[in-house]
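Proteins get letters first, then strands, A, B, ... in listed order; numbering begins at 1 in each.
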Amino acid sequence: MGTKGIQAFCFPRRRKTMAEKDDTLLALRHSMSHVMADAVLEIFPDAQIAIGPAIDNGFYYDFELPRSLTPEDLEDITSRMKNIIAGKLPFEKRVVSRKEAAEVFAGQKYKIELLEAIPEGDEVSLYTVGKFTDLCRGPHVESTARLNAEAFKLLSVAGAYWRGDEHNQMLQRIYGTAWENPKDLRLYLQHLEEVEKRDHRKLGRELDLFSTHEEAGPGLIYWHPKGARIRLAIEDYWRKRHYEGGYEQLYTPHVGKSWLWETSGHLGFYNENMYAPMEVDKSDYYIKPMNCPFHILIYKNSMKSYRDLPLRWAELGTVYRYERSGVLHGLLRVRGFTQDDAHLFCTPEQMEEEILGVLRFSLSIWKDFGFSDIKAYLATKPEKSVGSQEDWDRAIQSLKKAIDAEGLTYEMDEGGGAFYGPKIDLKIKDALGREWQMTTIQFDFNLPERFDMTFVDHDGKEKRPLMIHRALLGSLERFFGVLVEHYGGAFPVWLSPVQAVVIPVAPAFEGYAAQVADALKTAGIRAEKDLTDNRMNAKIRNAQNEKIPYMLVVGEREEQESSVSLRKRNGDRENGVPLQNFIDSVKEVIARKELL
RNA sequence: GCCAGAAUAGCUCAGUGGUAGAGCAGCUCACUCGUAAUGAGCAGGUCCUCGGUUCAAGUCCGAGUUCUGGCUCCA
């Protein structure tokens, strides 16, 4: 994924002040990493230093140290950094020869390696602050007087491979965050707290949505009744929209013989992500990591004419992929998941329209789920690829055209496509401003060839159809995780597992409460009644903590006039609402997919 | 997979070598109660697993499992 590009994209041609501010922050953070390195070298004079760039919201520096760092070390480093900053030391730049630089960094193997990697002819510059000199392109602030000792915080220590390559030495990376002033730091730390509060793993437990079970295997998700209700609401909507959008839906098996995966090529290039085969009747069967080969078999089940195309085939297909143990993360990175997959098969003439259609369709669904801040990333031909240059160019053109037609901002990821075709990825921004890569729309010049897919064209000749893979939400597990965090567990009414709870003010009104709950259920509203022996206040508190959108308090008055007293999750109250009016208005809110 | 940290009741956590604790949740009982916690009682543990040190291990050591933060930001 093109991170280089993301930076360029984050700071588009906006008001100049913004860009300037970003540059300032970048220099500030980068300078902070040098100050930190200086502090670390005070403690460990023999440390090997690697790299220390500015990153989003902060900075890091990688070191090879004689021992592992502890939280106490971070405090020590922090106070040393504060001293260095208080010294108002200048950052001094010096352009030197390679020979001179090599002398300065004698014994610093990573710096020497970096130095040797600088292209011949490029300037070699050193920056010195305090006792610390680094091989560095800059830029930096002119002096530590420009750094605010109260506006940074060291956050964590983590292992990181030299140059990100697991064959290399593992270094210790210290992450920090730095801002222009203490207020910005405080806001950022508050943001981190908010992120923690919304963590889908925490909310998943609190709201009883899902679990995992180490004794039964990590990375495998168990959907509890409340989580399953949400998933069903998502799936119902998804199926309806796909049907309306001209898709057919398929069901395919979960395993297939090795022939299938040899033909598709997965055993060759995807093997390390596949579960080991199981032997049945002397054949190897593999659990599917992808749905595409199955859809292709259905395509090939009969002759296809150009009149049959385009075909749009969707499936909520559950796949299993081996992910390395260290990368599993809640619902966001799992080993078994259900893709909301689709494959489009069309003629070359239909390509543009199909691409535009699938993009438009995706955006419309995202909107219904409450996401409208969406960016596209267009990935082009990598070095190793299949398919002709002409195919690639045409496909990329049509992707670009579709993005333009939808007025999406996008960024190119040159060379970032899969070997089998270019793609558009959509990243959505959630309520906390975080980007998540969800939708992917990929051309495939490989599989139609491998499976020898054909259609008969106008001229009676057999031709190769175009194939497009598409996952819209990505996977239901991951999407659900993002959804939980986006809404902080307070789902819009149409997705809420319990849409309304009826709360009698006293045991005497349990009969009427049950009657109201039944009426709501009959009207298609997911309603429950709280007949526990808790006090009314406790029931309201529980419902509030469960983030149930509507609480219906009923007592004598309500029973007499067939009404409910309405308390919404946001605290709004309305007494004496006729039951039927409430039902009508909730149905309206559900139909419009309103937040509340 | 690798680096670091963590694992005690369903949940959140206390317990630094000498008889396993709290709050919440659960269960039982009482209570005629109007918009964010009624009260009392009861029950609940292989202190992640296996091995070691020790008179004695939740606590110290080793191995494993799982979880958490990282391993993309290119001087």
Inset, instruction - Pick the C1' atom in A20(B) and in U8(B), then give their distance to the nearest Å. - result: 9 Å

Inset, instruction - Between C71(B), C67(B), A75(B), spot the one nearest the side chain of L328(A), thanks. - result: C67(B)

Legend entry - Given C74(B), U35(B), U12(B), the nucleotide with the shortest approach to the side chain of R567(A): U35(B)

Legend entry - Closest nucleotide among C74(B), A37(B), G69(B) to the R163(A) side chain: C74(B)

Legend entry - Check: Y127(A) ring centre within less than 6.0 Å of F91(A) ring centre: no

Inset, instruction - Specify the separation, in whole Å, of atom CH2 of W162(A) and atom C1' of C74(B). - result: 8 Å

Inset, instruction - Counting heavy atoms from C-beta on, name the nucleotide in G34(B), G70(B), U35(B) closest to the side chain of N575(A). - result: U35(B)

Inset, instruction - Scan for side chain to side chain donor-acceptor pair (under 3.5 Å) pairs involving residues 96-106 of chain A, sequence neighbours excluded, and state none if there are none. - result: R94(A)-E100(A)

Inset, instruction - List the atom of L332(A), the atom of H200(A), and the distance in Å for their closest heavy-atom pair. - result: CG-CE1, 3.5 Å

Legend entry - Test applied, ring pair (Phe, Tyr, Trp, His ring centres under 6.0 Å); reference residue, W179(A); option that passes from Y188(A), F59(A), F152(A): Y188(A)

Inset, instruction - Using a heavy-atom cut-off of under 4.0 Å over every strand shown, decide if Y110(A) touches base, sugar-phosphate, or nothing. - result: nothing

Legend entry - Any residue meeting side-chain hydrogen bond (donor to acceptor under 3.5 Å, both in side chains) with E72(A), in chain and number order, not counting sequence neighbours: T70(A)

Inset, instruction - Could you tell me if the ring centre of F419(A) sits under 6.0 Å from that of F269(A)? - result: yes

Legend entry - L209(A) CG to G10(B) P, straight-line distance once rounded to whole Å: 20 Å

Legend entry - Residues which pass side-chain hydrogen bond (donor to acceptor under 3.5 Å, both in side chains) with R526(A), listed by chain and number, not counting sequence neighbours: none

Inset, instruction - Can you tell me, in whole Å, how much space there is between the P of C61(B) and that of U16(B)? - result: 15 Å

Legend entry - Spacing between M536(A) atom CE and G34(B) atom P, to the nearest angstrom: 6 Å

Legend entry - Listed nucleotide nearest any side-chain atom of I118(A), set U66(B), G34(B), A75(B): A75(B)

Inset, instruction - Mind checking E64(A) for me? I need base, sugar-phosphate or nothing, with any heavy atom below 4.0 Å counting as a touch. - result: nothing

Inset, instruction - Determine the interatomic distance between P on U35(B) and the same-named atom on G44(B); round to the nearest Å. - result: 39 Å

Inset, instruction - Whole angstrom is fine here: how far is it from CZ in R324(A) over to C1' in U65(B)? - result: 19 Å

Inset, instruction - Compare side-chain N and O positions of Y60(A) against OP1 and OP2 of C73(B) and report whether any pair is under 4.0 Å apart. - result: yes

Inset, instruction - Using heavy atoms and a sub-4.0 Å distance, could you list which residues of residues 539-547 of chain A are near RNA chain B? By number, please. - result: I540(A), R541(A), Q544(A), N545(A)

Inset, instruction - Quote, to the nearest angstrom, the P distance that separates A22(B) from A9(B). - result: 14 Å

Inset, instruction - Send over the distance from L155(A) CG to G5(B) C1', rounded to a whole Å. - result: 16 Å

Inset, instruction - From the options C74(B), G69(B), A36(B), select the nucleotide whose nearest atom is closest to the side chain of R137(A). - result: C74(B)

Legend entry - Nearest to side-chain heavy atoms of R205(A), which nucleotide of U12(B), G69(B), A4(B): U12(B)

Inset, instruction - Round to the nearest Å and state the distance from D134(A) atom CG to C74(B) atom P. - result: 15 Å

Legend entry - Side-chain donor/acceptor contact of S565(A) with base of G34(B) under 3.5 Å: yes

Legend entry - Atom-pair distance (CG on N168(A); C1' on G70(B)), nearest Å: 16 Å

Legend entry - A6(B) and A25(B), which share atom name P, separated by this distance in whole Å: 31 Å

Legend entry - 5' precedence on RNA chain B between S68(A) and E214(A) (nearest-nucleotide basis): S68(A)

For residues 505-515 of chain A, which side-chain N or O atoms pair as donor and acceptor with protein atoms under 3.5 Å away, sequence neighbours left out?
unit_1: Y512(A); atom_1: OH; unit_2: E558(A); atom_2: O; d: 3.3
unit_1: Y512(A); atom_1: OH; unit_2: S563(A); atom_2: N; d: 3.1
unit_1: Y512(A); atom_1: OH; unit_2: S563(A); atom_2: O; d: 2.8

Inset, instruction - Taking side chain to side chain contact (heavy atoms under 4.5 Å, CB included) as the test, write out the residues that go with P90(A), two or more places apart. - result: E92(A)

Legend entry - Presence of donor-acceptor pair under 3.5 Å, side chain of Q172(A) and base of G70(B): no

Legend entry - Rounded distance in Å between the P positions of U59(B) and G51(B): 14 Å

Inset, instruction - May I ask you to verify if any side-chain N or O of R201(A) is less than 4.0 angstrom from the OP1 or OP2 atom of U68(B)? - result: yes

Inset, instruction - Dot-bracket notation for RNA chain B is requested: 5' to 3', Watson-Crick or G-U wobble pairs only, both distances under 3.5 Å, with ( ), [ ], | and . as defined. - result: (((((((..((((....[..)))).(((((.......))))).....(((((..]....))))))))))))....

Inset, instruction - For this output row, return yes or no: ring centroids of H34(A) and F132(A) closer than 6.0 angstrom. - result: yes

Inset, instruction - Please state whether the phosphate of A75(B), meaning OP1 or OP2, lies under 4.0 angstrom from any side-chain nitrogen or oxygen of H30(A). - result: no

Inset, instruction - Give the nucleotide from the list C67(B), A75(B), C71(B) with an atom nearest to the side chain of V124(A). - result: A75(B)

Legend entry - side chain to side chain contact (heavy atoms under 4.5 Å, CB included) involving D533(A) - partner list, sequence neighbours excluded: none

Inset, instruction - Can you tell me, in whole Å, how much space there is between the P of C67(B) and that of U28(B)? - result: 36 Å

Inset, instruction - Report the nucleotide, chosen from C2(B), C33(B), A4(B), that has the shortest atom-to-atom distance to any side-chain atom of Y161(A). - result: C2(B)

Legend entry - Candidates G34(B), C33(B), A75(B) - which lies nearest the side chain of P507(A): C33(B)

Inset, instruction - Return the set of residues passing side chain to side chain contact (heavy atoms under 4.5 Å, CB included) with D518(A) (not counting sequence neighbours), or none when no residue passes. - result: none

Inset, instruction - Pick base, sugar-phosphate or nothing for A508(A), based on heavy-atom distances below 4.0 Å to the nucleic acid. - result: nothing

Inset, instruction - Starting from P on G34(B), measure out to CZ on R573(A) and report it in whole angstrom. - result: 12 Å

Inset, instruction - May I ask you to check whether Y61(A) and F63(A) place their ring centers less than 6.0 Å from one another? - result: yes

Inset, instruction - With P as the reference atom in both, quote the distance from A40(B) to A36(B) in angstrom, rounded to an integer. - result: 22 Å

Legend entry - Residue pairs fulfilling side chain to side chain donor-acceptor pair (under 3.5 Å) with at least one residue in residues 217-226 of chain A, sequence neighbours excluded: S211(A)-H224(A)

Legend entry - Reading 5' to 3' through nucleotides 26-31 of chain B, protein heavy-atom contacts under 4.0 Å coded B for base, S for sugar-phosphate only, - for none: -----B

Inset, instruction - Any pair with a residue in residues 530-573 of chain A that passes ring pair (Phe, Tyr, Trp, His ring centres under 6.0 Å), sequence neighbours left out, goes on the list, sorted by first then second residue, please. - result: Y550(A)-F582(A)

Inset, instruction - Identify, between V157(A) and A50(A), the residue whose nearest nucleotide on RNA chain B lies closer to the 5' end. - result: V157(A)

